[in-house]
Amino acid sequence: MTTRSCLSIVLAAGLGTRMKSDLPKVMHEIGGLPLVGHVLKALGRAGSDRISVVTGPDMPELATLVRDLAPHARCYVQTDRLGTAHAVLAAKPALEIKSDDVLVLFGDTPLVTPETIAKVRQGLERGADLVVLGFQTRNPFGYGRLLVENGRLVAIREEKDASEAERKVTYCNSGIMGITGKHALSLLEAIGNDNAKKEYYLTDAVEIANERGLTVVAVTGSETETQGINTRAQLAACEAAFQNRMRHAAMDEGCSLLAPQTVFFSHDTKLDADVIVEQNVVFGPGVKVSSGARIRAFSHLEGATVGTGSVVGPYARLRPGAVLGSDTRVGNFVEVKNATFGPGAKVNHLSYIGDASVGSKSNIGAGTITCNYDGYLKHRTEIGANSFVGSNSTLVAPVKLGNGVFVSAGSVITDNVSKDSLAFGRARQVVKEGKAKVLRERLQAEKDAKY
């Protein structure tokens, strides 16, 4: 990691008009994280010690999001949208504090990696004054072309201005640029708006730098990671690329995905080696799965921790605050929310366990629910170790079951149960011989009379 200081300016003022959304474009999500969050995350990992984000007017929610994701970042407002260079200069107070490197990125390029950002910085460290990140593509239509002569980037030519020969160039501009700190402000302020749109284009900095005899170069990244987002279709394509990246990373780290294309990850999903994930599993934000665990088909996990050797699903839902110890079992059609399970605990089917703790090696029968909400407040249920809760039981919180408790099937438990006790909470069964026949005859007669 370089020791050079770095200011990164993230342009995030776009309205996302083509997305037909009231939400600022960079607040749309892939992998459960807003687009701008991915960029901020990559910059942090690439060693940027100062970050400025340029937002549009009337975007207080974006400024709040930036503060939440990167508390040290500063937001600046581009009041009038007069081009990319104009947007960068909205952060002029940050530029006036000299850094060795100045990076300019777009908040809608969420797939850019720390390694690629490092390539741009390495170009500056090796003596270049201005570095542009480019990519090769089979279909360059619509992109600015990078014109390189003898290793020097001489110009960025936009599609509408390019000659026939220049349009055949397949080396294109990603929009990401690095400028050495001692020249950044001077180059930006030299950019004019003598063009049809009367806008200030960041790409003009290349020719200005060349005119000043500065060293201007291009470095190459991949087309996939530099793609920007302007439409819902591009958002979906970016999500697909992100998911493929996460799937390959998981498998490279020693996880088995039985049907990779059906498994969906969040930006912060953590799977240890030897985890097995079956078909059609969704990981929401905040999930950690330990070695040897198996996530069975059609399960949904969010904000959950799964211990070593545990089995989840099929058709299970782990909601935020679910913490499963080692060798636990959470089976089909079980929902767990804000609840901890000790090692070896089991809830195998058709149950809801919320705001609870389940002790080690306890077994929760089918159809058991913890009644945690009284319409105003949430209450906890505590179940001790080595306890057994029979099928179709209702535990009305707040309630505590000690170690070794046995709850009979069909019980409604409203009071605490002490260690090693047997609890019944149901009416005594009554059998009335012959009454079923009488009831059927009466009901049939009522039906015949009605129809």
Side-chain angles (χ1 to χ4, degrees), residues 5-30 33-44 46 48-99 101-110 112 117 120 174-179 181 183-195 197-205 208 228-231 234-235:
S5 60
C6 179
L7 165 66
S8 296
I9 300 174
V10 180
L11 306 186
L15 292 172
T17 305
R18 283 188 282 168
M19 298 184 81
K20 295 181 172 60
S21 174
D22 292 332
L23 194 67
K25 179 170 66 170
V26 299
M27 291 185 70
H28 288 266
E29 295 183 351
I30 65 167
L33 182 68
L35 306 180
V36 70
H38 287 272
V39 179
L40 295 173
K41 193 174 179 181
L43 286 171
S48 182
D49 52 299
R50 289 198 298 137
I51 298 175
S52 296
V53 179
V54 178
T55 70
D58 302 319
M59 291 184 177
E61 68 273 43
L62 176 54
T64 299
L65 173 68
V66 170
R67 284 194 295 270
D68 290 341
L69 296 173
H72 65 288
R74 293 287 305 275
C75 287
Y76 297 90
V77 177
Q78 183 189 17
T79 305
D80 300 308
R81 293 177 173 85
L82 299 177
T84 48
H86 180 264
V88 177
L89 282 172
K92 185 176 179 180
L95 286 161
E96 289 173 335
I97 303 170
K98 295 299 182 185
S99 291
D101 302 336
V102 173
L103 301 180
V104 180
L105 303 92
F106 290 85
D108 66 347
T109 56
V112 65
I117 293 170
V120 177
S174 72
I176 296 174
M177 181 180 293
I179 312 173
H183 295 299
L185 189 55
S186 173
L187 286 172
L188 291 164
E189 290 183 329
I191 295 172
N193 66 342
D194 186 15
N195 53 64
K197 288 189 174 183
K198 296 299 179 182
E199 292 187 353
Y200 300 85
Y201 296 128
L202 181 62
T203 50
D204 289 350
I208 294 170
I229 295 171
N230 292 300
T231 65
Q234 290 172 343
L235 182 69

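Reckoned from all heavy atoms, side chains included, excluding hydrogens, waters and symmetry mates.
- Closest approach of Ala46 to Ile117, counting heavy atoms only: CB-CG2, 3.6 Å.
- Contact between Tyr76 and Ala90 at its shortest, heavy atoms only, is CB-O, 3.5 Å.
- In this structure, the side-chain contact (heavy atoms from CB on, under 4.5 Å) partners of Ser174, at least two apart in sequence or on a different chain, are Leu133, Phe135, Ile176, Thr226.
- Each of Val54, Asp58, Thr55 was compared with Val77 under the side-chain contact (heavy atoms from CB on, under 4.5 Å) criterion, and only Thr55 meets it.
- Within the structure, side-chain hydrogen bond (donor to acceptor under 3.5 Å, both in side chains) pairs that include any residue of residues 60-70 comprise Thr64-Arg67 (at least two apart or interchain).
- Here the closest non-hydrogen pair linking Gly175 and Phe106 is O-CE1, 3.1 Å.
- Residue pairs meeting the side-chain hydrogen bond (donor to acceptor under 3.5 Å, both in side chains) criterion with at least one member in residues 82-95, sequence neighbours excluded, are Gln78-His86, Lys92-Glu189.
- Rounding to the nearest 0.5 Å places CD1 of Ile97 at 8.0 Å from CZ of Arg74.
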**Request:** Would you sort out whether Val66 and Ile51 count as a side chain to side chain contact (heavy atoms under 4.5 Å, CB included), showing the intermediate values?
**Result:** CA-CA 10 Å; Val66 170; Ile51 298 175; over 6 Å; no

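- Every residue meeting the side-chain contact (heavy atoms from CB on, under 4.5 Å) condition with Ser99, not counting sequence neighbours, appears here in chain and number order: Ser5, Leu7, Arg50.
- Listed by chain and residue number, Lys25 satisfy the salt bridge (charged side-chain N to carboxylate O under 4.0 Å, His left out) test with Asp108 (two or more places apart in sequence, or in another chain).
- Rounded to the nearest 0.5 Å, atoms CD (Glu29) and CG (Leu235) are 9.5 Å apart.
- Leu69 is linked by a side-chain contact (heavy atoms from CB on, under 4.5 Å) to Leu33, Leu40, Leu65, counting only residues two or more places apart in sequence or in another chain.
- Counting only heavy atoms from C-beta outward, the side chains of Val39 and Val53 never approach each other to under 4.5 Å.
- Checked against Leu188 for a side-chain contact (heavy atoms from CB on, under 4.5 Å), the options Val104, Leu89, Ile9 give a single hit: Leu89.
- For the pair Arg81/Pro57, a side-chain contact is recorded, criterion being any heavy-atom separation below 4.5 Å from C-beta on.
- Across all their heavy atoms, Ala184 and Val102 have their closest contact at CB-CG2, 3.9 Å.
- In this structure, Leu43 and Ser8 approach most closely via the heavy-atom pair CD2-OG, 3.4 Å.
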Cut-off 3.5 Å, no hydrogens considered: what does the side-chain donor-acceptor table look like for residues 12-23, sequence neighbours left out?
unit_1 : atom_1 : unit_2 : atom_2 : d
Ser21  : OG     : Leu23  : N      : 3.0
Ser21  : OG     : His28  : NE2    : 3.1

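- Remark: side-chain polar atoms of Asp49 are paired, donor with acceptor, to backbone N or O of Cys6 under 3.5 angstrom.
- Taking the salt bridge (charged side-chain N to carboxylate O under 4.0 Å, His left out) definition, one finds that Glu199 meets it with nothing, sequence neighbours left out.
- Closest approach of Val112 to Ala42, counting heavy atoms only: O-CB, 3.6 Å.
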